[in-house]
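Read the structure below first, then the notes.
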Amino acid sequence: MDMPELKIRLPDWLLERLSGDWTPLHGDEEQMRFVISLARENVRQGSGGPFGAAVFDAAGHLVAPGLNLVTSCRCSILHAEMVAMALAQKRLDNHDLSDGGHLHHTLVTSAEPCAMCLGAIPWSGVSRVICGARDEDVREIGFDEGAKPDHWADTLTRRGIQVQRDVLRPEATQILQAYVESGGAIY
């Protein structure tokens, strides 16, 4: 049986945006603005769903961006968080972004993680998760976020992962609404 390869190819518009020198992005809001801009452009370009994410190191350097590529790549696991974490791990050549607790990385995501992404976060090695829109904002427009514990943030906190919610939530929910208004696929 001949099996196809699974390659994550970021859209050309994002590769162009990432070319050149990058200055660190400091603070939760500055990093969230970047992630929201990814989600906004993903909708505008029609390259995927209304979600963006990124992994940053402790100094605010972008390690890897993530976009929702589910529909464009025809692969249900290519959520923005999963793409960002996978690309960060490949870039750092380590399945554990903490490198055994020695490094600290933050996952910034335009919306709270769905059930799948929530499950992957502890195994990724990130030490912080910053979220924009809430789970209910995503469900309100029709997305299936899966079964998640009611107190999922507390569960991550008990595992040593800090969680900050509602960072630029109004801006993040605007992207969700723009996606619905553009006729984007809800899955």
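Starting from 1, each residue takes its place in the sequence as its number.
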In the structure I gave you, are the side-chain heavy atoms of [X] and [Y] within less than 4.5 Å of one another anywhere?
| X | Y | value |
| --- | --- | --- |
| P113 | C131 | yes |
| V83 | L67 | no |
| L103 | L97 | no |
| T106 | V129 | no |
| M82 | M116 | yes |
| I175 | I36 | yes |
| I8 | C75 | no |
| N94 | Q89 | no |

Problem set entry | Aromatic ring proximity F51/F143, centre distance under 6.0 Å |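 Yes; F143 has its ring centre under 6.0 Å from that of F51.
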Looking at [atom1] of [X] and [atom2] of [Y], how far apart are the two atoms once the value is rounded to the nearest 0.5 Å?
| X | Y | atom1 | atom2 | answer |
| --- | --- | --- | --- | --- |
| Q177 | D137 | CD | CG | 8.5 Å |
| L156 | I161 | CG | CD1 | 5.0 Å |
| D166 | T173 | CG | OG1 | 10.0 Å |
| R165 | I130 | CZ | CD1 | 12.0 Å |
| E29 | E171 | CD | CD | 8.0 Å |
| S19 | L14 | OG | CG | 10.0 Å |

For this session: Walk me through it: do S110 and R40 pass the test side chain to side chain donor-acceptor pair (under 3.5 Å)?
Result: CA-CA 10 Å; S110 64; R40 180 181 298 112; over 6 Å; no
Problem set entry | side chain to side chain contact (heavy atoms under 4.5 Å, CB included), paired with V55, selected from V108, L87, T109, L107 |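 Option passing the side chain to side chain contact (heavy atoms under 4.5 Å, CB included) with V55: L107.
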Problem set entry | The single option from M32, E112, Q174, R134 passing side chain to side chain contact (heavy atoms under 4.5 Å, CB included) against R169 | R134
For this session: Group every Ile, Leu, Val, Met, Phe, Trp and Tyr by side-chain heavy-atom contacts under 4.5 Å, then state whether L118 and W123 land in the same group.
Result: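 They do not share one cluster, since no chain of ILVMFWY contacts under 4.5 Å joins L118 to W123.
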Exercise. How would you list all residue pairs meeting side-chain hydrogen bond (donor to acceptor under 3.5 Å, both in side chains) that involve residues 62-73, not counting sequence neighbours?
Worked result: N68-Y187
Exercise. When you look at NE2 of H61, are more than 12 heavy atoms from neighbouring residues, nucleotides or ligands closer to it than 6.0 Å?
Worked result: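 Yes, NE2 of H61 has more than 12 neighbouring heavy atoms, counting only those of other groups under 6.0 Å.
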Closest heavy-atom contact between [X] and [Y]?
| X | Y | result |
| --- | --- | --- |
| E81 | A111 | OE2-O, 3.6 Å |
| L38 | W13 | O-CH2, 3.6 Å |
| K148 | D135 | NZ-OD1, 3.2 Å |
| A88 | V63 | CB-CG1, 3.7 Å |
| L62 | R91 | O-NH1, 3.0 Å |
| G52 | A39 | N-CB, 3.6 Å |

Exercise. Is there a donor-acceptor contact under 3.5 Å linking the side chains of S182 and R44?
Worked result: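 Short answer, no.
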Problem set entry | Between S47 and N42: side-chain donor-acceptor atoms closer than 3.5 Å | yes
Any sub-3.5 Å donor-acceptor pair from [X]'s side-chain atoms to [Y]'s backbone N or O?
| X | Y | result |
| --- | --- | --- |
| Q31 | L25 | yes |
| D57 | G60 | yes |
| W22 | L18 | yes |
| H105 | F56 | no |
| D96 | G100 | yes |

Problem set entry | Evaluation steps, salt bridge (Lys or Arg N to Asp or Glu O under 4.0 Å), between E30 and R33 | CA-CA 5 Å; E30 190 173 0; R33 278 190 187 86; over 6 Å; no
Problem set entry | Linked hydrophobic residues, M3 as query - side chain contacts closer than 4.5 Å |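 Once heavy-atom contacts under 4.5 Å are chained together, M3 belongs with M1.
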For this session: Verify side-chain contact (heavy atoms from CB on, under 4.5 Å) between R159 and I121, making sure each step is shown before the conclusion.
Result: CA-CA 10 Å; R159 293 188 73 153; I121 287 170; over 6 Å; no
Exercise. Hey, is E136 close enough to R139 for a salt bridge, meaning N to O under 4.0 Å?
Worked result: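 A salt bridge is absent here (no side-chain N lies under 4.0 Å from a carboxylate O).
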For this session: Show the numbers, then the answer: is there a side-chain contact (heavy atoms from CB on, under 4.5 Å) between C114 and H79?
Result: CA-CA 9 Å; C114 70; H79 289 200; 3.3 Å; yes
